[in-house]
S.K.: 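For reference, the structure I am asking about is given below.
Lettering of chains follows the sequences in order, A, B, ..., and the numbering in each one begins at 1.
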Number of protein chains: 2
Amino acid sequence: MKELTTGQLAKQSHVNVETLRYYEREGLLPEPSRSESGRRSFSPDMVARIRFIKRAQELGFTLKEIKELLSLRADPSVTCADVMEQIQEKIQEIDQKVNHLLAIKKALEHLSTCADLNPASECPILENLSFERSEACCKES
Amino acid sequence: MKELTTGQLAKQSHVNVETLRYYEREGLLPEPSRSESGRRSFSPDMVARIRFIKRAQELGFTLKEIKELLSLRADPSVTCADVMEQIQEKIQEIDQKVNHLLAIKKALEHLSTCADLNPASECPILENLSFERSEACCKES
DNA sequence: TTACATCCTGTACTACGGTACGGAATCAAG
DNA sequence: CTTGATTCCGTACCGTAGTACAGGATGTAA
């Protein structure tokens, strides 16, 4: 396999050239070797590394966390259990986010119900948003 | 009710003084009247307005969207149905976010399972993250 | 009156994940 | 050899939701 230029790596990994430079700055990519004229020369392995980064992003990891994952991988004293732990944490975070969103949804649905019950009157939705919680919203049932 | 100074309004609405100035700049608060020396003088209604903003933020609206909601409220030609529509949109957005998070969770759980199945071997989790999708991950069942 | 608190303005800075741009150098194709 | 594409670097900018700060002007309490 040949080494890749910045542009080639960018194309193959479906990211912007500037993004590669940004990842390098942020320590997500190792400093590549350079040609005599100073141009970057990337190992083809970097395609997989960027796929890793993008996939992990999709999975809800921040670049900072991904950097940690990548350094875990580089450290031979790290066990599979260490990685498992990070993933379990991430799953819990996701559960929390989902629960928060569902609570918000419930509140919004409640506001909708209020509106249904007040067809011809002034819209109570916006006023209800002013309340601390929306319990005191509707004319009872 | 007396008019409030910036500091009083900030205290009563539990936000930072700078946040009030920021909201004013962003058009979320109307330009308050001023004292002779140039100090802001807020109507006590602004406490409710900021509560509205904060509550709507909790419900997942951005400041931009909140600004729209506030202007809806100010416009007498806007019907309750218009507001309902915004809320329905928001509910759909939330559903999408939840579904995305649950898909992520599933993928992470799958990675955990893989790790369970490979107790003594090299940790396959990180390598699996490199895959486009994680179907090809585990030793079958 | 003196001291301290609050307020004013404008600007800069934070985090996040990049994107855009200018000007110079270099590379590859015709 | 010339032209156009690519790459280089540093820096500035985007949106989001604020926070921080400098330096000056007021307001208030002892």
S.K.: Choose from D:dG10, D:dC8, D:dA17 the nucleotide whose nearest atom is closest to any side-chain atom of B:Gln57.
M.R.: D:dA17
S.K.: Select from B:Thr62 and A:Thr6 the residue whose nearest nucleotide in DNA chain D is closer to the 5' end of that strand.
M.R.: A:Thr6
S.K.: Are the side chain of A:Thr19 and the backbone of A:Val15 linked by a donor-acceptor contact shorter than 3.5 Å?
M.R.: no
S.K.: Where the side chain of A:Arg40 is defined as all heavy atoms beyond and including C-beta, which of D:dC21, D:dC9, D:dG18 is the nearest nucleotide?
M.R.: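 Nearest to the side-chain atoms of A:Arg40, counting from C-beta on, is D:dC9.
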S.K.: Between A:Ile66 and A:Phe52, which heavy-atom pair has the shortest distance, and what is it?
M.R.: CG2-CE2, 4.0 Å
S.K.: Quick one: on DNA chain D, does B:Thr19 or A:Gly7 contact a more 5' nucleotide (nearest heavy atom)?
M.R.: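 Of the two residues, A:Gly7 wins.
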S.K.: In terms of side-chain heavy atoms of B:Asn16, which of D:dA17, D:dT11, D:dT19 is nearest?
M.R.: D:dT19
S.K.: Can you check the B:Ile50 CD1 to D:dG18 P distance for me, whole Å?
M.R.: 11 Å
S.K.: Below 4.0 Å from chain A heavy atoms, what is the first contacting nucleotide of DNA chain C and what is the last?
M.R.: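 On DNA chain C, the outermost contacted nucleotides are C:dG17 to C:dC27.
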S.K.: Assess the residue pair B:Lys90 and B:Glu65 against the criterion (salt bridge (Lys or Arg N to Asp or Glu O under 4.0 Å)); give the C-alpha distance rounded to whole Å, side-chain angles, the decisive distance to 0.1 Å, and a yes or no.
M.R.: CA-CA 10 Å; B:Lys90 209 72 207 171; B:Glu65 290 165 335; 2.7 Å; yes
S.K.: Rounding to a whole Å, what distance do you find between A:Glu18:CD and D:dC13:C1'?
M.R.: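 My rounded result for the distance is 12 Å.
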S.K.: Give A:Lys54 one of three labels, base, sugar-phosphate or nothing, depending on what nucleic acid heavy atoms sit under 4.0 Å from its own.
M.R.: sugar-phosphate
S.K.: Which heavy atom in B:Val17 sits nearest to a heavy atom in B:Gly7, and how many Å separate them?
M.R.: CG2-CA, 4.3 Å
S.K.: With 3.5 Å as the limit, what N/O pairs link the protein to nucleotides 26-30 of chain D?
M.R.:
residue: D:dT26; atom: O3'; partner: B:Ser37; partner atom: OG; Å: 3.3
residue: D:dT26; atom: O2; partner: B:Arg39; partner atom: NH2; Å: 3.2
residue: D:dG27; atom: OP1; partner: B:Ser37; partner atom: OG; Å: 2.9

S.K.: Restricting to non-hydrogen atoms, name the atom on A:Arg40 and the atom on A:Pro32 that form the minimum distance, rounded to 0.1 Å.
M.R.: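 So the two residues come closest at CG-CG, 3.5 Å.
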S.K.: I'd like to know if B:Glu24 and B:Arg21 make a salt bridge, using a cut-off of under 4.0 Å between side-chain N and carboxylate O.
M.R.: no
S.K.: Nearest-nucleotide wise, let me know which of B:Val17 and A:Ile53 is further upstream toward the 5' end of DNA chain C.
M.R.: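 Result: B:Val17.
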S.K.: Expressed as a whole number of angstroms, how long is the span from B:Glu24:CD to D:dA17:C1'?
M.R.: 17 Å
S.K.: Output the rounded distance in Å from CZ (B:Arg25) to P (D:dA20).
M.R.: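 Answer to the nearest Å: 14 Å.
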S.K.: Short question: side chain of B:Arg49, backbone of B:Leu28 - any donor-acceptor pair under 3.5 Å?
M.R.: yes
S.K.: In this structure, how many angstroms lie between the P atom of D:dT19 and the CD atom of B:Glu26, rounded?
M.R.: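 Answer to the nearest Å: 13 Å.
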S.K.: Quick check against the 3.5 Å criterion: does A:Gln8 have a side-chain atom that pairs as donor or acceptor with the backbone of A:Thr5?
M.R.: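 Yes, the answer is positive, given that a donor and an acceptor are paired below the 3.5 Å cut-off.
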S.K.: Using 4.0 Å as the upper bound for N to carboxylate O, is an ion pair formed by B:Lys64 and B:Glu26?
M.R.: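 No.
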S.K.: Distance check needed: D:dA17 P versus B:Tyr23 OH, whole Å only.
M.R.: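 Answer to the nearest Å: 9 Å.
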S.K.: With sugar-phosphate meaning primed atoms plus P, OP1 and OP2, does B:Arg21 contact a base, only sugar-phosphate, or nothing at under 4.0 Å between heavy atoms?
M.R.: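 If one applies the 4.0 Å heavy-atom cut-off, B:Arg21 turns out to touch a base.
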S.K.: Considering only NZ, NE, NH1 and NH2 on the basic side and carboxylate oxygens on the acidic side, decide whether B:Glu109 and B:Lys106 come within less than 4.0 Å.
M.R.: no
S.K.: For B:Ile66 and D:dG18, what is the distance between atoms CD1 and P respectively, to the nearest whole Å?
M.R.: 8 Å
S.K.: Nearest whole Å is fine: how far is D:dG15 P from B:Lys67 NZ?
M.R.: 13 Å
